[in-house]
Structure formats: structure tokens, C-alpha cells
Amino acid sequence: MTDQSLQDQALQAIAAAPDLDALQAVKTRYVGKSGLVTKELGTLGKLPPEERKARGAEINAVRGAIEAALTEREALLKQAALDAKLASEAIDVTLPGLPLPAGGLHPINRVYDDLTAIYERMGYAVIEGPEVEDEHHNFEALNVPWYHPARDLQDTFWLEDGRLLRTHTSPMQIRYMVNHEPALKVVVRGKVYRYEATDATHEAMFHQLEGLVVGDGISMTDLKGTIAEMARGLYGPTARVRFQPSYYPFVEPGADFAVWWENPRGESKWLELGGCGMIHPNVFKAVDDLREAEGRERVYEGKTGFAFGLGPERIAMLKYGIPDIRYFYANDPKVIGQFRGELG
Ligand code: PHE
């Protein structure tokens, strides 16, 4: 083959190479280690020395032309490959984004927010307190006698150091009164713990809203009016409340209260919400004792007041049609995930 036809052949193959892989094959075939042009250079040694220089220049000219064509074609193909990649991976930044899954308030927090809004309108402060308590605040200072069933190992989670997980939010009555002087109005929100078998209406951990009002001349009427106002806040102006005598060591008299609950589907029933009563004088005395031990004035003797405690779970179960209290804390996204956005 003449130099010219070798060169023409190579240039044609280069021009026809559709992509970089094909071009690489052409390159190997002509100017690779054992390519056609390289082999031709290898024959120089067999020529008489006086011909070598001229022949070498000829072959190198062919190689130069081929390499120049290769370089040019390679640049072209690279640019084409890049253009194709850019086109296929193009992102339309004007498209709307994918929505991030939004969280939502837990149904218990929704009910808490409803309740605390009602009490804030009535001038109450909203507080929280420790879940790990001592026996004195959880029982003794609340006039809970040693023989009361609540003291039973069966009902209380005791810690190894003798402390316990509070069984109700009532110990915050004590803590708040020790640190504040009357008159006062507070609601406490928080978790409580009871060592009991769980079923559709019982959990070992649940929530309470505790109310405490202390002043001069506070009476049972004020308590009833307060609970009725809460019921109207929850269930509208025609809501009805019912009080039945009951026993809690830290109140006298004590009562359980229920709200007549109706929903748009025509269901209705008495919803047992919680306990309440007038603060027992022994509680005021225990508070004054604690205050005195801390070098503070005794200010609760002769005061009157009331307290109440209720469970937001019961309200939430009815409000949202949740049949089992355990659903609240099983963290199943199918249940809790329904409480996104502005549901009820
Ligand atoms: N602490 C009581 C309970 O957990 C409820 C209660 C609070 C009763 C305040 C009376 C007054 O059952």
C-alpha cells in the first residue's frame, strides 16, 4: 500500500468513527504499538542508511497527518458526548418541587392546647413539673395515708433510690404552693405513670391536666363554675356537667366530674373526665411545713382553694374516634400520620 492510500484510509476511518471507542480502535490500528504506520517505521532499519532519513520523514508525515486528524476528531466526539450527557441530564429548575412530608401535632398535644387555651382565657398560668418524684410530694404531703391503695407497689413504679415516677400531677400542687404565695391559679400539664396492665383504656404512661386555685373565700361553686366553663369551651355553650361525690385524700369534699358529650353523628354519653375537690387543710399544712423548713413564711393556713385533675386521652379518644389508648403511643404512622395539617 502506498503512503497516500494508507493515509487516506486512516483519515476516512477517523472521520467515520461514530464515538470515542471506535476512534480508539482506529488509533490502535494505525498508530498503536503494532499499528500499520508503526510497523512501517520498524522497516526503516532494513533500508540502506542513506535512504533511511528520507523514508523516515515520509512515514512521519503520514503519522503526523493521522495523529492530527485523531486529535481533532477526538475533541469533536468528546464535545458531542458532553452535549448528549448534558441534554439527557438536564434539570428543569422551573418545575415545582416535591413536597416534604410534613409533621403534625400529636392528638394529645392538640387536646392540651385546646384545654390550656380555655384556662389561659380564665387567667391561669400553665406549668410543668418533674416526672421523677419523691414519696413526700407524690403521697405524704398530699395527705395520702400509708394504707391508701395508690401507695401499693402494684400501682407505682419505684426507682431503686426510693424515688418514683409520679402517679399523678398533684405533687405539682405542693411544689407550686411551696414556691408561690396565694392567690394563685395554675394548670399543670404532663405525663404520669401507673404500674398496671394495659388494655384499650389503660396505659402505663398517660397524661393529666391538673388545676389548682387558692385564695380567700374560694368555694365549691367556683370549682363547679370552672369545670362548666371548661366543658363549654370544649363542647359548646350547651355543654352539661355532672358532679358525683368521690374520695381523694387531698380534697374534702371530693368529687368526680363528667361532661355530657354529643357528636354530630348523634352519639352522646356522659364522659367521665376526672376528679376534683376543695383542698384538704392537711395539704395546706404540709405546704406550710415545707415552706417553714426552707425558711419561708407560713401563708396557707386559713386559705381555701380547689384542685382538679383530668385525662386528655379520654377527650382525644372521643374527639378523634380513636378506639384504643395504646394507639397514641405505638407510633404507628398510619394512626399518628392522620394528624397532619389543620385537622380538627
Ligand atoms: N390526682 C387525682 C388522680 O390522679 C385526680 C385529682 C386531682 C383529684 C385533683 C382531685 C383533685 O386520680
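Just so you know, residue 1 is the first one in the sequence shown, and it goes up from there. All heavy atoms count here, side chains included; hydrogens, waters and symmetry mates do not. Treat the numbers as computed from the prediction; the structure is a model and nothing was measured. Read the numbers this way: they start at 1 and go in the same order the structure lists the ligands and their atoms.
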When the aromatic ring centroids of H148 and F250 are compared, is their separation below 6.0 Å?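 No, the ring centres sit 6.0 Å or more apart.
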Centroid-centroid under 6.0 Å between W260 and W270 rings: yes
Short N or O contacts of ligand 1 with protein, under 3.5 Å, listed by atom name?
from     : atom 1 : to   : atom 2 : distance (Å)
ligand 1 : 1 (N)  : H168 : ND1    : 3.0
ligand 1 : 1 (N)  : S170 : OG     : 2.9
ligand 1 : 4 (O)  : R194 : NH2    : 2.9
ligand 1 : 4 (O)  : Q208 : NE2    : 2.9

Could you check whether the rings of F243 and F257 sit parallel, tilted or perpendicular, using 30° and 60° as the cut-offs?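 F243 vs F257 ring planes: tilted.
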N/O donor to acceptor pairs below 3.5 angstrom from side-chain atoms of residues 211-223, sequence neighbours left out:
from : atom 1 : to   : atom 2 : distance (Å)
D216 : OD1    : K303 : NZ     : 3.0
D216 : OD2    : K303 : NZ     : 3.3
S219 : OG     : T221 : N      : 3.2
S219 : OG     : T221 : OG1    : 3.1
D222 : OD2    : S219 : N      : 2.8

Under 3.5 Å, side chain of R232 to main-chain N/O of A239, donor-acceptor pair present? no
Do any N or O atoms from the side chain of R163 and from the backbone of E133 form a donor-acceptor pair under 3.5 angstrom? no
